[in-house]
There are 4 protein chains.
Amino acid sequence: MPSSRTRHNRGPAAASDNRAAVLAAARSLFADQGYQVPLNAIARAAGVGQGVLYRHFPTRLDLAFAVFEENFAELEALAADSGPEGFGRLWRRLVEMTVAEAAFVEMVVDARRALPDYDGPRRLAALLEEPLRRAREAGSAPATADPRDVLTAVRMVYGVTVTEPDRDHTRAAVERALGLLPRWFPPIPEGG
Amino acid sequence: MPSSRTRHNRGPAAASDNRAAVLAAARSLFADQGYQVPLNAIARAAGVGQGVLYRHFPTRLDLAFAVFEENFAELEALAADSGPEGFGRLWRRLVEMTVAEAAFVEMVVDARRALPDYDGPRRLAALLEEPLRRAREAGSAPATADPRDVLTAVRMVYGVTVTEPDRDHTRAAVERALGLLPRWFPPIPEGG
Amino acid sequence: MPSSRTRHNRGPAAASDNRAAVLAAARSLFADQGYQVPLNAIARAAGVGQGVLYRHFPTRLDLAFAVFEENFAELEALAADSGPEGFGRLWRRLVEMTVAEAAFVEMVVDARRALPDYDGPRRLAALLEEPLRRAREAGSAPATADPRDVLTAVRMVYGVTVTEPDRDHTRAAVERALGLLPRWFPPIPEGG
Amino acid sequence: MPSSRTRHNRGPAAASDNRAAVLAAARSLFADQGYQVPLNAIARAAGVGQGVLYRHFPTRLDLAFAVFEENFAELEALAADSGPEGFGRLWRRLVEMTVAEAAFVEMVVDARRALPDYDGPRRLAALLEEPLRRAREAGSAPATADPRDVLTAVRMVYGVTVTEPDRDHTRAAVERALGLLPRWFPPIPEGG
DNA sequence: AATGAATGAGCCTTCATTCAT
DNA sequence: CATGAATGAAGGCTCATTCAT
């Protein structure tokens, strides 16, 4: 009999619901408050106990991995796109993610520090390989263009994003930054 | 006779030594651990009590202002340099500072947030004005080159720096980033 | 196995015990040391960690509200008392509370400062209304007697209490003070 | 040769100036911020070093004694006043002091706690003796009126003063309190 | 398996008091 | 004697992590 004074323990069946709620809350708070947002704030926003968070995600990194796995998956899906526009779309999405979720980048940094053989950057490089090759073949990228350049450019955009105190100016700041990159990094379409 | 349990009070004459010790410790720890390093760690590293730090620098920003005022001064001195190479030197020094002391950039961000009329960015833009004008006249920068582009580029370099978990790779990562910027941003000379 | 270095985590079931322990410790220390007693002293006296105190009572005022809500409730119960003696009992209890728990008064002052629409004084005035009306009707209070007079008299008794350094003399000092008030404020019965 | 970097050490001749400056600052800050105002705030307001304050007044009590000795002296002068109005003036001045300088009362309390044979209250009682005797003889105070009643009444006024969060209402609150005291305590004249 | 409370270390800040010059 | 800096204890608050139920 559920106590009238405590929340319902909904049992094992709720586990995946809880996990999803934590992930959604984490994504939202990572985006709003950054990667270092207090974990208890995430649990609270998810409407679950602290224990649930730790059960599903023993460390902050585990949680961030799960949150941003979706980002990886989305990027990989986009990379599988065949057209000659593939690289452009991928780049634009990377920029959007960096702007909207700087925590994505911070997570990768944290992971590389904590887990020496974390493969995030390699995974990103790998998914960029083929679209970039096609761009080179199509002449929309120079022969020397390399996935590492793209990852570096993402880090550059990240730098502009996190040093902008006024969110209303972030887009303009990022546009100025993109303007400094080589032309083969397509700019963000207006209003995008 | 100084107590064996408390540190010696070296008297007011030590004030400037202590201030200098705090500044040195702060510079070192800002460089090593970033702008958000605990203030008590700085006091400890300087070999002074907490109170000394607060007496000299009531807030973290006051401390960072004092530490990085030297950076501003150095850059302004460099900017007063005449020759057509002025902008190149300034840019290289900005990059070095950003790499060695990412906290410099973080301080500016914090100041802009906390003190709406903080003039750091304007001061940087102002000192870039003249060297950049000369560079444009000498044809080593395009007519459209603007101090705001330079500040944006610094933020981009910052992004690369703080996302590099392995300090041994920072230089290579920054070089790759500089390679993506327009040619009028001179690269760092080898071994520099 | 609980560590020998850390206290036992008695689990959520202990929550209400802990809350009660904090309240009891707070009441005791408020009475002994006044409203400004360090919060960590309260946590220590309650045998709980700092966090527990902050979890249950995020601010000093929250804690004091909880402690002194009992006082309000007791006074309201007393006020519901019918007979013509109602006001006399209420007054005597108010005096006792003020003497034993000057922090009660200090809490109301703090609340008025921190929360402009704190209703403590209005609540006290309201509960006095009816008993005082009956006292006026019974001729034991003058027609002009007003709840505000009663609250003022409580503040006067408070003044005598907190300026008495020797607790053994507090009763005598308060009796002298009551002797200066109009007769419709019944004195404390001897030995009371 | 006075250093250009530190304030002038004005030598022994300045001692009494400094003492006076500290007293003036202390009176002002005691009145504004209460008896527990930080001592370094007093030194700062007086424009002297901490050491000066401690040299002249080793403890807070020593400082408060010196500040409020003037109050005692003023009251004693007033008490020497012969007319039948003597007590009334004395009482009004006591009330004014209590309202404007609650720290006066707090000092007496602190002194009684710290120095068991502090004679402040006796001194006050003594200076009240004669004026009160005259008032009794003139029929403006009852035969039972006693200096201890007056001191108690001061403590009552103090209670009203320190529990008033809004300084703009202090006068009204005190007037209500005076209205509850026996008639032989003359009220404050309007606008007084 | 979920709950949500407990713990305590850590950091921030203030201020009474001491003391070299 | 004055100066004014140094000290460090104290207290406030937060949050990562653990754990009884």
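Within every chain, numbering begins at 1; the chains are lettered A, B, ... in the order of the sequence lines, protein sequences first and strands thereafter. All figures in this text were calculated on a predicted structure; none of them were measured in a lab.
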Undergrad: Rounded to the nearest 0.5 Å, how far apart are OG1 of D:Thr163 and CD of C:Glu106?
TA: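 Rounded to the nearest 0.5 Å, the OG1-CD separation comes out at 10.0 Å.
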Undergrad: Output all residues satisfying side chain to side chain contact (heavy atoms under 4.5 Å, CB included) with C:Ala25, sequence neighbours left out; order by chain, then residue number.
TA: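 Applying side chain to side chain contact (heavy atoms under 4.5 Å, CB included) to C:Ala25 gives C:Ile42, C:Ala45, C:Ala46.
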Undergrad: Considering only residues two or more places apart or on different chains, which pairs with a residue in residues 23-37 of chain A satisfy salt bridge (Lys or Arg N to Asp or Glu O under 4.0 Å)?
TA: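 Sorted pair list: A:Arg27-A:Glu70, A:Arg27-A:Glu101.
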Undergrad: Using side-chain heavy atoms (C-beta onward) and a distance below 4.5 Å, is C:Arg60 in contact with C:Met107?
TA: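 Sidechains of C:Met107 and C:Arg60: no contact.
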Undergrad: Return the value, rounded to whole Å, for the distance between atom CZ of D:Arg44 and atom C1' of E:dT17.
TA: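 Going from D:Arg44 (CZ) to E:dT17 (C1'), I get 16 Å.
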Undergrad: For B:Gln36 and E:dC12, what is the distance between atoms CD and C1' respectively, to the nearest whole Å?
TA: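 The distance from CD of B:Gln36 to C1' of E:dC12 comes to 12 Å, rounded to the nearest Å.
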Undergrad: Rounded off to whole Å, could you give me the CG-to-C1' distance for the B:Asn18 and F:dG4 pair?
TA: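 Atom-to-atom, B:Asn18 to F:dG4, this comes out as 13 Å.
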Undergrad: Which stems does DNA chain E form, counting runs of 3 or more consecutive Watson-Crick or G-U wobble pairs with both distances under 3.5 Å?
TA: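 In DNA chain E, stems of three or more pairs: E:2-21 with F:2-21.
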Undergrad: Assess whether one donor atom and one acceptor atom, taken from the side chain of D:Gln50 and the base of E:dT17, lie less than 3.5 Å apart.
TA: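 Between E:dT17 and D:Gln50, which were checked side chain against base, a qualifying N/O pair under 3.5 Å is present.
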Undergrad: With distance as the sole test, does B:Arg44 use its side chain to make a donor-acceptor pair with the main-chain N or O of B:Leu39 at under 3.5 Å?
TA: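 Answer holds: no.
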Undergrad: Can you sort out the partners of B:Asp62 under side-chain hydrogen bond (donor to acceptor under 3.5 Å, both in side chains), two or more places apart, ordered by chain and number?
TA: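 B:Thr59.
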Undergrad: Is it true that a side-chain atom of A:Arg19 and a backbone atom of A:Val52 form a donor plus acceptor pair closer than 3.5 Å?
TA: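 No; zero donor-acceptor contacts below 3.5 Å.
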Undergrad: Of B:Ala41 and D:Pro38, whose nearest nucleotide on DNA chain E comes first from the 5' end?
TA: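 This one resolves to B:Ala41.
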Undergrad: Among residues at least two apart in sequence or on other chains, which ones pass side-chain hydrogen bond (donor to acceptor under 3.5 Å, both in side chains) with D:Arg113?
TA: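 With neighbours one apart ignored, the set is D:Asp110.
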Undergrad: Enumerate the residues from residues 51-68 of chain C whose closest heavy atom to DNA chain E is under 4.0 Å, giving them by residue number; use none for an empty result.
TA: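 Residues of residues 51-68 of chain C under 4.0 Å from DNA chain E: C:Gly51, C:Val52, C:Arg55, C:His56.
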Undergrad: Out of the candidates B:Tyr35, B:Tyr158, B:Phe68, only one should pair with B:Phe104 under the ring-ring contact (aromatic ring centres under 6.0 Å, His included) rule; please name it.
TA: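 Answer after filtering B:Tyr35, B:Tyr158, B:Phe68: B:Phe68.
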Undergrad: To the nearest Å, give me how far apart CG (B:Asp17) and P (F:dA5) are.
TA: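 Result: 13 Å.
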Undergrad: Whole-Å distance between E:dA9 C1' and C:Asn40 CG?
TA: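 Rounded to the whole Å, the gap is 14 Å.
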Undergrad: Starting from P on E:dA2, measure out to CZ on A:Arg19 and report it in whole angstrom.
TA: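 These atoms are roughly 11 Å apart.
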